[in-house]
2 protein chains.
Amino acid sequence: MGHSKAEKQASHDLIVKTAARVFRERGVDGIGLADLMKAAGLTHGGFYGHFASREDLIAEAVGFALREGGKTMASTVEGKPSAKVALGVLIDAYLSLAHRDELGTSCAVAAMASDVSRSNARCRSAYTRQVGNYLELLVSLIATEKRKSRRVKAITALSTLVGAVSMARAVNDEQLSRELLKAAADELKKQLAP
Amino acid sequence: MGHSKAEKQASHDLIVKTAARVFRERGVDGIGLADLMKAAGLTHGGFYGHFASREDLIAEAVGFALREGGKTMASTVEGKPSAKVALGVLIDAYLSLAHRDELGTSCAVAAMASDVSRSNARCRSAYTRQVGNYLELLVSLIATEKRKSRRVKAITALSTLVGAVSMARAVNDEQLSRELLKAAADELKKQLAP
DNA sequence: ATTATCTATAGATCTATAGATAATGC
DNA sequence: ATTATCTATAGATCTATAGATAATGC
């Protein structure tokens, strides 16, 4: 039983982090507060010392999950010798088997899209911001003539990434699932980093 | 109170149809059986005369929703003067504001992707089949040199469609939402039906 | 007589709260 | 003394079932 202010903050962060993982794995409606607190190593009675309501946790956890995905993507491309290489690495990472299978730490723009579309404004604003961040990153990596054209291509590329990994997770034919990821990755790299 | 065999079948179909709509709107976990039966104009006690379990209904409803989406798409392209025109119409319909907003009758490959990825084999097999159907349709409409290249382009196009509409539903910035749909549509048409 | 649907309810689980307990920090 | 977490529980809601009711179809 931890009781200091620092420990309370640590508990708070742990609950948010746990929820960000489990909500991506099972969906926002896929776990109750008692099981969630147990997964964080706490009892459910303590929950309301940290959050005003379940909704409140959802907003924090969705925000955390979205930011985490953004950081992961940023660090994936960091220090790459060229924009072209960085873009190729980003595409391969996003459409990897690891990203498909590790739902709990995966990009929330894909994993939580439908949950967020049914959530409150706080969740949707965080989602909107993250989509904006991804588009900015992609625009900076796409090497084509006009700025406007880069934005259109960035939107299309992000849509392709999100759609491909979503479908690859839902089909139960491993061969098709891999084909979806590989075809999308090959085509995107061919178009954007030839 | 209907009591004939024909009426029972009609009730069964109505429950499935209602669930296929509401599950797309609110998610599979977004409604209980009592409210679902009420939405179908019945009382919840009658549910188990039609289905062995909630899971059983989910499987039927997900299958229905997926098939409905396939039929809608097929009828959208039907009777078009050329493959190029058909492809343009399909892309515009999928990325329309109407399709974004009418979740209850929308394409289940997008709307139910995350629910299906957490569902049983029956749901996932139906999803896999529908993805196959969509790819076949797209391959038949894409006019490029090699067969293999058409399949890769079809997968990429379907991913783009699914990803764009998913994100367009989740963001709460109407301008960005429309931009996502328009950019994806413009770019897809430019690439596939120039 | 059979059966589709209804009312009523059991038992589990969910969110939220109240009050007890065991730490911290003055 | 204060407070973070615990145990216990209220009240609502969920899936599933039992038995009553009101139609159909012989």
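Convention: sequence-line order gives letters A, B, ...; per-chain numbering from 1. Note that this is a predicted model, so its numbers are computed, not measured.
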Find the distance [X]:[atom1] to [N]:[atom2] and express it as a whole number of Å.
{"X": "Asp29(A)", "N": "dT15(D)", "atom1": "CG", "atom2": "C1'", "value": "16 Å"}
{"X": "Phe47(B)", "N": "dC14(D)", "atom1": "CZ", "atom2": "C1'", "value": "12 Å"}
{"X": "Asp35(B)", "N": "dA12(D)", "atom1": "CG", "atom2": "C1'", "value": "12 Å"}
{"X": "Ile58(B)", "N": "dC14(D)", "atom1": "CD1", "atom2": "C1'", "value": "13 Å"}
{"X": "Leu33(B)", "N": "dT13(C)", "atom1": "CG", "atom2": "P", "value": "16 Å"}
{"X": "Glu55(A)", "N": "dC14(C)", "atom1": "CD", "atom2": "P", "value": "17 Å"}
{"X": "Met37(A)", "N": "dT13(C)", "atom1": "CE", "atom2": "C1'", "value": "17 Å"}
{"X": "Gln9(B)", "N": "dT3(C)", "atom1": "CD", "atom2": "P", "value": "16 Å"}

message: To the closest 0.5 Å, what do you measure between CD1 (Ile15(A)) and NE2 (His50(A))?
response: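 Between Ile15(A) CD1 and His50(A) NE2, I get 4.0 Å after rounding to 0.5 Å.
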Donor-acceptor under 3.5 Å ([X] side chain, [Y] main chain):
{"X": "Arg21(A)", "Y": "Gly104(A)", "value": "no"}
{"X": "Ser125(A)", "Y": "Arg122(A)", "value": "no"}
{"X": "Ser177(B)", "Y": "Val171(B)", "value": "no"}

task: Using a cut-off of strictly less than 4.0 Å, decide whether Ser11(A) has a side-chain nitrogen or oxygen near OP1 or OP2 of dA4(D).
output: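 No, no such contact exists.
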Which nucleotide in [options] has an atom nearest any side-chain atom of [X]:
{"X": "His44(A)", "options": "dC6(C), dT24(C), dA16(C)", "value": "dA16(C)"}
{"X": "His50(A)", "options": "dT24(D), dC14(C), dT5(D)", "value": "dT5(D)"}
{"X": "Lys8(B)", "options": "dC6(C), dA16(C), dA4(C)", "value": "dA4(C)"}
{"X": "Tyr48(A)", "options": "dT15(C), dT5(D), dT15(D)", "value": "dT15(C)"}
{"X": "Leu42(A)", "options": "dA16(C), dC6(D), dT15(D)", "value": "dC6(D)"}
{"X": "Thr43(A)", "options": "dC14(C), dT7(D), dT24(C)", "value": "dT7(D)"}

task: Both distances under 3.5 Å, Watson-Crick or G-U wobble: report the partner of dT24(C), or none.
output: dA1(D)
statement: Paired to dT13(D) by Watson-Crick or G-U wobble criteria (both distances under 3.5 Å) is dA12(C)
field: Upstream residue (5' side of DNA chain D) when Ala6(B) and Gly32(B) are each assigned their closest nucleotide
entry: Gly32(B)
- prompt: Going by distance alone, is a donor N or O of one side chain under 3.5 Å from an acceptor N or O of the other, for Glu179(B) and Gln175(B)?
  reply: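 The criterion, which ignores hydrogens and geometry beyond distance, is not satisfied for Gln175(B) and Glu179(B).
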message: Considering every strand and a 4.0 Å limit on heavy-atom distances, what is the contact class for Gly45(A): base, sugar-phosphate, or nothing?
response: base
